[in-house]
Amino acid sequence: MANYWLMKSEPNAFSIEDLKALPKQTDMWDGVRNYQARNIMRDQMQKGDKVFFYHSNATPPGIVGIAEIASDEAYPDPTQFDEKSKYYDPKSDPEKPRWFLVDVKFVEDLPMISLEQLKANPKLSEMKVVQKGARLSVQPVTEAEWSEVLAMAKVNI
DNA sequence: GCCAACGTTGGC
DNA sequence: GCCAACGTTGGC
């Protein structure tokens, strides 16, 4: 059964426009250095799962589109072994990689649903992204939350 | 730029 | 294994 997720990215670093502009509209979701987020990518995500693409540290922050998981399974994040990468992790053993990632493919743009709008919707009061101090960059989304956000997107057009 | 919330590190 | 210090995230 397909699941739903929300993945955060700072548009200054990597925006949904950047993903859309790639030849295959697909990219490695590299740089995640949080164990909880890694575990979700490594253990729970399946090819074809749908993802809300969220712009954090943006004005305003919010959901800007839909992507989907495009790799059959998670695999080691190559940037952890790249000394020139800002994501280099000298403590990660190539024989036993610490960080995993999935490929993410662009699906469609949505009219921005701002964090403010998400917070204002009582049906989304349990959604992870609206919780205070919710820093996790890869989050599960329930089917009800997914549908509700899509309904909000239609109104935003 | 500030700072609250939270995760990680490392001394003990 | 505790917990203080430190670093990062991310809204504002």
Side-chain angles (χ1 to χ4, degrees), chain A residues 3-22 27-45 49-69 74-142 144-146 148-153 155-156:
Chain A
N3 290 304
Y4 301 106
W5 311 100
L6 178 145
M7 297 172 91
K8 296 180 188 173
S9 186
E10 300 194 17
N12 288 337
F14 187 74
S15 70
I16 194 166
E17 290 81 12
D18 293 331
L19 180 64
K20 194 178 178 180
L22 293 172
D27 202 21
M28 296 186 291
W29 200 265
D30 60 13
V32 171
R33 294 294 179 267
N34 171 284
Y35 289 106
Q36 217 179 328
R38 176 206 67 182
N39 290 347
I40 290 173
M41 290 199 291
R42 189 190 59 189
D43 304 333
Q44 295 185 248
M45 284 182 163
D49 283 358
K50 294 292 190 291
V51 177
F52 282 136
F53 199 113
Y54 180 90
H55 278 175
S56 60
N57 260 319
T59 47
I63 291 169
V64 292
I66 296 175
E68 68 179 22
I69 307 304
Y75 57 97
D77 181 342
T79 64
Q80 71 194 303
F81 306 123
D82 178 1
E83 287 184 42
K84 295 189 292 292
S85 170
K86 65 172 177 171
Y87 300 124
Y88 176 59
D89 183 353
K91 293 180 186 169
S92 183
D93 176 358
E95 299 296 314
K96 204 181 171 195
R98 180 179 291 198
W99 305 112
F100 285 74
L101 54 69
V102 294
D103 292 341
V104 170
K105 181 176 171 36
F106 174 82
V107 174
E108 64 176 317
D109 290 309
L110 292 175
M112 150 81 69
I113 305 112
S114 68
L115 178 60
E116 186 181 13
Q117 285 182 290
L118 297 172
K119 283 182 173 172
N121 187 335
K123 290 181 188 169
L124 300 179
S125 62
E126 300 297 315
M127 197 171 177
K128 303 267 191 226
V129 75
V130 308
Q131 306 304 316
K132 194 176 179 182
R135 295 175 11 178
L136 194 60
S137 64
V138 177
Q139 308 178 349
V141 172
T142 68
E145 289 163 353
W146 183 269
E148 182 60 23
V149 171
L150 288 184
M152 293 173 77
V155 174
N156 275 2

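Chain naming here is simple, since letters A, B, ... match the order of the sequence lines and numbering starts at 1 in each.
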Query raised in the report: Is there a donor-acceptor pair closer than 3.5 Å between any side-chain N or O of A/N156 and the backbone N or O of A/M112?
Result: yes
Report summary line: Assign each of A/R98 and A/N57 the nucleotide of DNA chain B bearing its closest heavy atom; nearer the 5' end lies the nucleotide of A/N57
Query raised in the report: Among residues 133-142 of chain A, which residues get a heavy atom nearer than 4.0 Å to DNA chain B?
Result: A/G133, A/R135
Requested in this report: Could you check whether the rings of A/W29 and A/F14 sit parallel, tilted or perpendicular, using 30° and 60° as the cut-offs?
Outcome: perpendicular
Query raised in the report: Once you round to the nearest 0.5 Å, how far does CG of A/L118 lie from CD of A/E145?
Result: 10.0 Å
Report summary line: Comparing A/K132 with A/K91, nearest DNA chain B nucleotide closer to 5' gives the residue A/K132
Report task. Heavy atoms only: give me the nearest A/Q80-A/Y88 pair and the separation to one decimal. Result -> O-CD1, 3.2 Å
Report summary line: Nt span of DNA chain B in reach of chain A heavy atoms at under 4.0 Å, 5' end first, is B/dA5 to B/dG10
Query raised in the report: Salt bridge between A/D77 and A/R38, side-chain N to carboxylate O under 4.0 Å?
Result: no
Query - A/V129 backbone acceptor or donor facing A/Q139 side chain under 3.5 Å - result: yes
Requested in this report: Enumerate the residue pairs fulfilling side chain to side chain donor-acceptor pair (under 3.5 Å) with a member in residues 98-114 of chain A, sequence neighbours excluded, ordered by first and then second residue.
Outcome: A/K20-A/D109, A/Y35-A/R98, A/Y75-A/D103, A/D89-A/W99
Query raised in the report: Would a 4.5 Å heavy-atom cut-off, applied to side chains only, mark A/L124 and A/Q117 as touching?
Result: no
